[in-house]
Amino acid sequence: MHIFNSLSRKKEVFLPIHPNHVGMYVCGPTVYGDAHLGHARPAITFDLVFRYFRHLGYKVRYVRNITDVGHLENDADEGEDKIARKARLEQLEPMEVVQYYTVRYHKNMDQLNVLRPSIEPHASGHIIEQIEMIKKILAAGYAYESDGSVYFDVEKYNQTHPYGILSGRKIDELISNTRELSGQNEKRNSFDFAIWKKADPTHIMRWPSPWGDGFPGWHMECSAMGCKYLGEQFDIHGGGMDLLFPHHESEIAQSTVANGKPPVRYWMHNNMITLNGQKMGKSLGNAMSLDDIFTGNHPLLAQAYSPMTIRFFILQAHYRSTLDFSNEALQAAEKGLKKLLFADETVKKLKPATGAASQNIEAIAKACYDAMNDDFSSPMAIASLFEAVKLINAANDGHLKLNPNDLELLKQLMDVFLFDILGLRAEDAGTDHHLVEGLMETIIGLRQEARARKDFATSDLIRDGLAKLNIVLKDGKEGTSWEMK
RNA sequence: GGUCUCGUGGCCGAGUGGCUAGGCAGCGGUCUGCAAAACCGCGUACAGCGGUUCGAAUCCGCUCGAGACCUCCA
């Protein structure tokens with residue numbers, strides 16, 4: 001198993017700290033707005049990692065936080081954080097905002113068949129842990145208090161540790177490149193970052209601390225909660241590439257100082273989803289919410305795309321590549337997914353041909369595993385699954401015979417990869433199968449009778465009528481089958 | 001301006017120093033009452049210019065183009 005480690009910018013052999021156990025922390029959403037397509041990418045990427053490690057037999061503790069404090073906005077309202085601002089504008093308790101969007105986030109993730117993490121800690125529930133960590137950093141001499149806020153002393157840290165180890169930044173470049181921001185007079189250097197921020201009297205999210213009322217700096221929560229649930233050093237930390245600097249860089253610095261060792265062995269970063277070649281982001285105003293996509297309710301959408309189409313679309317690109325949104329690409333994904341899922345239905349109905357020559361299904365399975373073991377290359381694994389689809393359909397058409405062993409291997413391969421590892425699922429789940437099956441059987445029977453009489457007007461009337469309900473009939477040698485479009 | 005990444009056929013997207021990625025779309029055929037689905041066959045792609053090499057789309061250099069980060073961001 002090889003993982004691309006952002007720290008070394010190389011693929012490295014994965015060796016867990018504790019054999020057969022994986023500790024993984026992933027930066028979750030800031031719950032002040034609906035989840036957009038961009039949020040789906042890390043959720044699905046690390047869901048894939050989570051699922052694959054579990055499939056391999058690892059015991060995984062997967063921690064993904066909910067950010068519900070901090071994240072200062074620097075532009076419009078100085079020193080206010082996102083959730084507080086949203087709450088004030090909508091006349092709500094901050095925790096009402098948090099609850100509302102957390103519930104909606106969970107709904108979207110469930111739709112995408114993203115498994116819930118092992119632990120989903122809220123930053124607001126770990127203020128004490130964050131304060132304790134700040135104390136440790138102060139005690140170690142790597143932070144200073146200034147007017148009720150506490151800042152991390154980047155320059156001092158850089159004398160003994162490489163600040164910029166993750167992002168490739170150099171401290172002297174930071175000096176010349178940092179923009180003028182308010183509150184800098186409180187800092188010794190412009191690139192020092194707040195680990196505790198004083199709350200002004202109007203700030204509605206605030207907690208008492210040894211330095212006065214305030215709230216934790218925006219990198220603290222991940223350091224504190226990662227350490228609490230996964231230990232001072234853990235295996236994998238994931239998140240979007242846009243978090244590399246300063247968020248993850250600062251996390252490394254804080255944790256290293258507080259605990260005396262670097263916190264993470266393997267850093268994994270998913271790339272961005274782009275729209276017309278540009279990053280999709282809430283602050284850029286070009287983000288599409290997942291609900292928009294699922295309902296087709298957006299000017300750029302030619303149609304609605306189902307959650308599984310989105311999931312498959314994302315899995316068809318490697319997580320470290322940018323992925324450009326377009327209707328064409330999504331429509332292709334929709335059809336490809338359908339083809340895979342339909343082949344899985346088909347393979348279950350195939351009859352084995354005893355004595356048929358072996359088709360070397362093991363080679364396909366091996367290709368799937370090799371792909372996953374090579375930095376979770378889901379696109380390669382999917383390409384191999386299409387090889388399997390070819391065999392299944394050929395067998396279904398009678399061009400190919402599958403011996404019992406091959407057939408069993410194919411069934412397992414499809415089931416394991418499509419559902420357990422890639423986390424796909426058939427989308428018509430939820431309809432009343434028993435009733436629908438019965439109705440369809442009757443309708444198809446009537447149509448069959450009409451066709452036998454060569455009454456094609458009637459048979460086409462039935463087929464067209466069903467087509468309006470998105471039910472597609474397929475006349476095959478073994479009779480007529482149907483599927484929901 | 002600094003740091004970094006990328007540029008693959010109509011579209012999306014893997015991969016790699018010599019052996020067909022794959023999906024979608026398209027064309028021809030088989031099947032079908034007609035379709036749909038499926039199957040068979042078809043496309044000589046790797047930004048440009050140099051260099052290394054027996055051989056490069058794959059390595060190196062330059063040029064052009066795009067993007068990310070440097071400020072909250074998945």
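Chain A is the first sequence line, chain B the second, and so forth, proteins listed ahead of strands; every chain is numbered from 1. Note that the structure is predicted; figures quoted are calculated from it, not measured.
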(request) Report the distance from atom CG of A/L284 to atom C1' of B/A68, rounded to the nearest whole Å. (result) 11 Å
(request) Nearest whole angstrom, please: distance from the P of B/G15 to the CE of A/M372. (result) 13 Å
(request) Could you give the distance separating B/G7 and B/G13 at their P atoms, to the nearest angstrom? (result) 11 Å
(request) For B/G26 versus B/C6, give the span between their C1' atoms, rounded off to a whole number of Å. (result) 29 Å
(message) Using atom P in both nucleotides, what's the gap between B/A21 and B/U58 to the nearest angstrom?
(response) 16 Å
(message) Between B/U53 and B/G17, how far apart are the two C1' atoms, rounded to whole Å?
(response) 9 Å
(request) Give the minimum heavy-atom separation between A/L112 and A/A40, together with the two atoms involved. (result) CD1-CB, 3.8 Å
(request) To the nearest Å, give me how far apart CG (A/N327) and P (B/C12) are. (result) 13 Å
(request) Tell me whether the OP1 or OP2 atom of B/A74 has a side-chain N or O from A/K282 closer than 4.0 Å. (result) no
(request) Using Watson-Crick or G-U wobble geometry with both distances below 3.5 Å, tell me the partner of B/A68, or none. (result) B/U3
(message) I'd like to know if A/R463 reaches the base of B/C34 with its side chain, counting only an N/O donor and acceptor under 3.5 Å.
(response) yes
(message) Classify the ring geometry of A/F215 against A/H203: parallel below 30°, tilted from 30° to 60°, perpendicular beyond 60°.
(response) parallel
(request) Check every atom of B/G15, B/G13, B/A38 against the side chain of A/D397 and return the nucleotide holding the closest atom. (result) B/A38
(message) With a cut-off of less than 4.0 Å, is there a side-chain N or O of A/S321 near OP1 or OP2 of B/A14?
(response) yes
(message) Side chain of A/P246, heavy atoms from C-beta onward: which of B/C70, B/A14, B/A74 has the nearest atom to it?
(response) B/C70
(message) Tell me whether the rings of A/F46 and A/Y319 are parallel (<30°), tilted (30 to 60°) or perpendicular (>60°).
(response) tilted
(message) Tell me if the centroids of the rings in A/H106 and A/Y101 come within less than 6.0 Å of each other.
(response) no
(request) Under 4.0 Å between any heavy atoms, over every strand shown, what does A/L243 touch: base, sugar-phosphate, or nothing? Just pick one. (result) sugar-phosphate
(message) Just the rounded figure in Å: distance from P of B/G13 to CZ of A/F386.
(response) 15 Å
(request) Please state the P separation for the pair B/G48 and B/A57 - nearest whole angstrom. (result) 9 Å
(message) Between B/C40 and A/N393, counting only base atoms on the nucleotide and side-chain atoms on the residue, is there a donor-acceptor pair under 3.5 Å?
(response) no
(request) Please tell me which of the listed nucleotides, B/A37, B/G15, B/C69, lies nearest to the side chain of A/M380? (result) B/G15
(message) Can you confirm whether or not the ring centre of A/Y369 sits under 6.0 Å from the ring centre of A/F417?
(response) yes
(message) Between A/K279 and B/C69, is there a contact of a side-chain N or O with OP1 or OP2 at under 4.0 Å?
(response) yes
(message) Distance check, C1' atoms only: B/U20 and B/G9, in whole angstrom units.
(response) 14 Å
(request) Determine: side-chain N/O of A/K339 to OP1/OP2 of B/C24, distance under 4.0 Å, yes or no. (result) yes
(request) Assess whether one donor atom and one acceptor atom, taken from the side chain of A/D460 and the base of B/G33, lie less than 3.5 Å apart. (result) yes
(message) Whole angstroms only, please: what is the CD-P distance between A/Q316 and B/G22?
(response) 13 Å
(message) For A/F245 and A/Y163, take the angle between the two ring planes, folded into 0 to 90°, and tell me which bin it lands in: parallel under 30, tilted 30 to 60, perpendicular over 60.
(response) perpendicular
(message) In whole Å, measure the gap between the C1' atoms of B/A74 and B/A14 for me.
(response) 23 Å
(message) With a 4.0 Å limit, can you tell me whether A/T30 has a side-chain N or O closer than that to the phosphate oxygens OP1/OP2 of B/A74?
(response) yes
(request) Round to a whole Å and report the spacing from CG of A/L323 to C1' of B/A14. (result) 13 Å
(message) For B/A37, give the paired nucleotide (Watson-Crick: N1-N3 plus N6-O4 or O6-N4; G-U: N1-O2 and O6-N3; both under 3.5 Å), or none.
(response) none
(request) Determine the interatomic distance between C1' on B/A68 and the same-named atom on B/G43; round to the nearest Å. (result) 34 Å
